[in-house]
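In what follows, chains are A, B, ... by sequence order, proteins preceding strands, each numbered from 1. Just the heavy atoms: all of them, side chains too, but no hydrogens, waters or symmetry mates, feed the values below. Note that this is a predicted model, so its numbers are computed, not measured.
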Amino acid sequence: MFQEMLQTLPQVIIDGLTLGSVYAVVALGYTMVYGILQLINFAHGEIFMTGAYIGTAVLLIILGMGFGSSIPSLLLLIIALVITALCTGLLGMGIERVAYRPVRRAPRLVALITAVGVSFILQDVVRIVAEILTGNYIVTGPSLFSKQITIPVSSFLSVFNDASLKVSFFIVLICAIGMMISLDFFVNKTKWGTAIRAVSMDRETAALMSINVNKVIAITFFIGSSLGGATGVLFAIQYGTIDPYIGFILGIKAFIAAVMGGIGNIRGAMFGGFLLGLIEMFASANLSLLTGGIFGAEYKDVFAFAILILVLLFKPEGLLGKAATEKV
Amino acid sequence: MTVLEVNNIETYYGAIQALKGVSFQVERGEIVTLIGSNGAGKSTTLKSISGLAKVKKGAILYNGQDITNKQAHETTLMGISHVPEGRRIFANLTVKENLLMGAFSVKGKAVIEERMENVFTYFPRLKERMNQKGGTMSGGEQQMLAIGRALMMQPNLLMLDEPSMGLAPIVVEQIFEIILQLNEMGITILLVEQNAYQALSIAHRGYVIQNGEIVLTGTGKELAENEEVKEAYLA
Ligand SMILES: Nc1ncnc2c1ncn2[C@@H]1O[C@H](COP(=O)(O)OP(=O)(O)OP(=O)(O)O)[C@@H](O)[C@H]1O
Ligand SMILES: [Mg+2]
């Protein structure tokens, strides 16, 4: 049995890293907003989904313009990522302004329910717009970077099977890691990043430092949402077909990743994202093997949730979280 | 010249009225202290001035300009630095980052460096601890950092909320010495204290606040010798 698990390991790692990097970047959005407002921004999964649609639309429009197909794929990708990041960043900022800021002083439950409401609105708006424009709300984007590669792992280490992947795997991984490194640098090394941390720790005192707290919160939403939206584009490229509900379950998973890593902790969210992606893919490849066929791959989510519960039981502050005394 | 004029302000927390018409002035170059017992409304008065608490009635003038209910970051930009009660250091930021946050709106690396060096002349200890997390410093060091951080804006009016709280007498002595030095450098000081004896000994003038109202005023010396004050706050 162990041998069989080992055989599929290369493929598990590749698939796990792909999914994990998506979780990781989306988890950043949850964790940043939670850190600064103690709000679980349920709409963040929908920002991700909206990003997937905007990016796909940009790609379809450019490719539909005739000369579009002569543009190199990489340039197309960059254009789609930048436009999407801008749009979803502004969308996130707008949501904060109209939906969350008015209820900032209200009990937390109010903001939470507002967030759920915003999620539904986004799902339906995207659905309607997609349906009007394309006749179907399920959209398949152009295939970019879809060339299959086989890595002949078995020829140098015979305990493993070969692994196969799409070129887009590298795109997703490199972009996601690039976004994470930039964000980590921004938050830890720049003035506005430090201000985000200061506002997360103590909003009133930050204001006494002449920091415009509303502006910092808006910037936090912009950054989290633009990263989330850009990740939506990567998701669409990697997995091909999108629908308005992809943000729901993915958002929950990314949120779990954020909690696993320690909510409010940026590096924790990245770590949690990769960990969850790897666990999920491992489960999907090996569950039926491990349980003698009782549970199949479709139970991978249960497995992921079980891990979450274990983490919360033994380390409630999350794997990279600090124990009680300090927040963020 | 009057730096700060507080006119009959009323401040509420929800339905609770914390200030019931507080009035006082601070002249340029003065050290003015506001003393009173727990819950009298001292912190609320400072918060009302800096913009952390919402004033419902009355007005606050700073250098003749109406600043009632301006936001906290705006009053700081105008030259009012408020060192809050309990120091409120950013625990997970280093000493240096705390000071940099104090200079958030200051432009120019060189200017910021210079101001930081200036802060270190008052608090050399902070320079040694540049890369230590603020939250791991001792109470006295944190108070120094809180004042140093406020000085990064080169305030015109420095408001200190109970800087002596929880500190050993020797450290309190040091802090009050520095407050005097800062005042000599031309910074106007509004000092809130429960440690009335210490506060009145360095203040030019003082006000006694009770239940959200000013009940007594006079020079530092007068108040220190006043029988009621002696009985209530200097016992
Ligand atoms: N955030 C708040 N919410 C509700 N009531 C408050 C709040 N802050 C202060 N109060 C109330 O307002 C009144 C004045 O409080 P304030 O903090 O100004 O007193 P203080 O003179 O600074 O006291 P201390 O010496 O204990 O710091 C008190 O009755 C207090 O309970
Ligand atoms: Mg107080």
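Of the N and O atoms on the side chains of Thr2(B) and Gln25(B), not one donor lies less than 3.5 Å from an acceptor on the other residue. For the 3.5 Å distance criterion, the side chains of Thr11(B) and Thr44(B) fail to qualify, holding no donor opposite an acceptor.
Minimum heavy-atom separation, Met180(A) to Leu28(A): CG-CD1, 4.0 Å.
Ranked by non-hydrogen atom pairs under 4.5 Å with chain A, the options Met152(B), Arg88(B), Glu74(B) are led by Arg88(B).
Interface residue Leu93(B): backbone and side-chain heavy atoms are both found under 4.5 Å from chain A. Contacts of Met153(B) with chain A are made by side-chain atoms alone, with heavy-atom separations under 4.5 Å and no backbone atom involved.
Between Trp192(A) and Phe104(B), the ring planes lie perpendicular to each other; the angle is over 60°, past the 30° to 60° tilted range.
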